[in-house]
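Below is one structure; the comments refer to it alone.
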Amino acid sequence: MKGHVLNCGYLPLVDCAPLLIAKELGFAAEEGLDLRLIKQPSWSALRDNLILGQLDAAQMLAPMPIALRLGIGGVRADVDVLSVLSVNGTVFGLSQALISALDPVPYGDPDAILAKLAQHGKTLRIGVPFHASTHRLLLSYLLARCPDIKTDVITVPPPRMAAAIADGQVDAFWVGEPWGSVAVKNNAAAIVLTGSQIWSFAPEKVLAARSNWVTENPEPTRALMRATYKAGQWLGQRSNAALAVDILARSEHLDLTDDLIDPGISGEVTLDPTIGPRHIDNFLLFFRNASQFPWRSQAAWIATQLGADDNSIAEAKRCFRSDLYRENLGSLGVDLPGASEKVEGALAHETAVASTRGNMILGPDAFFDGKTFDFHG
C-alpha cells in the first residue's frame, strides 16, 4: 500500500543527508511515508513555501523557526523544531585577495584571525546564507570579540557563495559544505575557521514543520521523526561513510560530485588549494553525542543572539519540541537525556550524563571564548 505523501523541502547541502538517506535507503518507506524531497533555491523560498503550505516539513537553519516564532525579520509563523538534523559542518573562508593582503593568516586561531582583520582596517563584505542562520550568529559572536572590525554582511544563497567570492562580490563567507570546498577547489578562497572552532557543538540544520500541521498529523510527524533518526544513526557509523558519499553523489536530489561531498562526511577538509586535506574532529555530526536531540537551552542561546527578551526566549524554548522527541522516539529504545536543557559551553571533553538507558555521552560544546550560557527564564 502506498505510504502517506509528505512533501519536504531542502537545500542541496551535504547536511541534508539524513533526509536523502531516509528516502534512498527506505527508512521513510518502512515508516509508511512516501517522502517527496523538493529542492528549494534559497532559504527564503523554503521558508515561504513551508508557511504557505506548499511544504509539509523542511530542513531549516536552526535559528529560522525561532525567528519565525518571534516575528524577527518581519515574518511570523508558528513552526516547531522536531529534531536536529546536523551539528556543525560550516566554514569561514577568505578570498585569495584578502588572504594575500593579510599574509600570513593563522588557520584555526579565532583571536589571531580577528587581530589580522582588525589590522587590515577595511570594511569586509561577508556572505552568509540567511540572516537567521547559525552562520550569521557564529559570525556575530566571533566579531563581538573585536568590535573595531567593520563589516557589511550580505545574504547569498549557499549554491551561489563560491561564485560570489570568485566574482569579488564578497571578501569572505560563512557557509555550509560543499560550498566552502567548491570555493577552495576553484582557487577562489581558503578556509580559515570551521564553525566548530567557535562553538564546538552548534546545531546547524533542523527538521521543522508548521505547528498546526504537527498537531493535525501526529502519525506522519512520528514517522518522519523516526525515519530521519534511523538515517542519522546510519550516517553516524563510520563504516558507512564511503557508501554514504556514493549514495549522495548518485542521488538526483543533490547533484554534487563525490569529491565535493566527501569532506563533509569524512571530515577531511582542504583548507587551502595549495595544500592537502586536513582532518577536522567533529566537523559535521549527524548522530553521535545526542546530536539529534532538540535541546531547549540551544534554542535559548539562539534567541539571545537574535536579540530576544526574556519572555521571547522562553517562547523560543517551546519551539524546540524535546517533548515530541521523547514521545515519538522513546518507543524505538532511543537513549534520551534526563533533562531537556543544559549549560551550553560547559563541556570541554566527552562527559557521561544521566539518561533513560544510562549510555549517553555528550561531546565537547565549548565556545571559543570560554564563556558558558545558562538561561533560567
Side-chain angles (χ1 to χ4, degrees), residues 61 63 88-158 160-177 179-200 202 204 263 269-275 278 280 283 301-302 304-307 345 366-371 373:
L61 297 155
N88 300 335
T90 65
V91 297
F92 180 52
L94 307 180
S95 71
Q96 287 295 346
L98 185 55
I99 290 284
S100 297
L102 300 178
D103 186 52
V105 176
Y107 163 79
D109 187 334
D111 284 320
I113 290 169
L114 287 173
K116 284 279 188 178
L117 293 175
Q119 290 170 11
H120 185 56
K122 297 181 180 179
T123 298
L124 298 176
R125 298 163 300 164
I126 304 178
V128 298
F130 196 68
H131 67 277
S133 65
T134 310
H135 317 69
R136 180 69 175 88
L137 300 189
L138 293 178
L139 173 64
S140 297
Y141 192 80
L142 172 66
L143 292 175
R145 182 91 155 178
C146 190
D148 292 338
I149 299 173
K150 299 175 183 179
T151 61
D152 179 13
V153 179
I154 302 167
T155 299
V156 181
R160 288 169 47 195
M161 193 69 77
I165 200 158
D167 295 343
Q169 297 174 36
V170 296
D171 306 303
F173 60 80
W174 208 306
V175 76
E177 281 294 281
W179 304 110
S181 289
V182 171
V184 173
K185 183 178 180 180
N186 293 344
N187 201 32
I191 294 168
V192 295
L193 286 171
T194 66
S196 59
Q197 289 169 322
I198 305 304
W199 184 10
S200 301
E204 175 52 32
V269 183
T270 298
L271 307 173
D272 186 286
T274 64
I275 60 176
R278 178 185 302 189
I280 308 295
F283 178 71
W301 184 87
I302 290 170
T304 300
Q305 299 304 307
L306 289 172
F367 295 99
F368 83 101
D369 56 7
K371 293 181 180 179
F373 175 82

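Numbers here are sequence positions counted from 1.
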>> With ring-ring contact (aromatic ring centres under 6.0 Å, His included) as the rule and sequence neighbours excluded, what pairs involving residues 89-116 come up?
In response: Phe92-Trp174

> Please walk me through it: do Val105 and Lys116 pass side-chain contact (heavy atoms from CB on, under 4.5 Å)?
Replying inline: CA-CA 7 Å; Val105 176; Lys116 284 279 188 178; 5.6 Å; no

> Is the shortest heavy-atom distance from the side chain of Gln305 to the side chain of Pro63 under 4.5 Å?
Replying inline: no

>> Any non-hydrogen side-chain atom of Phe373 less than 4.5 Å from a side-chain atom of Trp199?
In response: no

> Step by step, would you call Ile280 with Gln197 a side-chain contact (heavy atoms from CB on, under 4.5 Å)?
Replying inline: CA-CA 10 Å; Ile280 308 295; Gln197 289 169 322; 5.5 Å; no

> salt bridge (Lys or Arg N to Asp or Glu O under 4.0 Å): which pairs involve residues 180-194, sequence neighbours left out?
Replying inline: Lys185-Asp259

>> Quick test of your reading: applying salt bridge (Lys or Arg N to Asp or Glu O under 4.0 Å), list the pairs with at least one residue in residues 135-146, sequence neighbours left out, ordered by first then second residue.
In response: Asp111-Arg145

> Can you list every side chain to side chain donor-acceptor pair (under 3.5 Å) pair that touches residues 117-126, not counting sequence neighbours?
Replying inline: Arg125-Asp171

Go through the structure and list residues passing side-chain hydrogen bond (donor to acceptor under 3.5 Å, both in side chains) with [X], not counting sequence neighbours.
X	answer
Asp369	Tyr141
Asn88	none
Ser181	Glu177
Thr274	Asp272

Please enumerate all residues that pass side-chain contact (heavy atoms from CB on, under 4.5 Å) together with [X], with sequence neighbours excluded.
X	result
Ala183	Ala162, Ile165, Phe173, Ala189
Pro157	Ser42, Pro159, Arg160
Ala112	Pro106, Asp109
Asp148	none

> Do Leu98 and Leu124 pass the side-chain contact (heavy atoms from CB on, under 4.5 Å) test, and can you show the C-alpha distance, the side-chain angles, and the key distance before you say yes or no?
Replying inline: CA-CA 9 Å; Leu98 185 55; Leu124 298 176; 3.9 Å; yes

>> Is there a side-chain contact (heavy atoms from CB on, under 4.5 Å) between Val192 and Ile99? Walk through the geometry before answering.
In response: CA-CA 9 Å; Val192 295; Ile99 290 284; 4.1 Å; yes

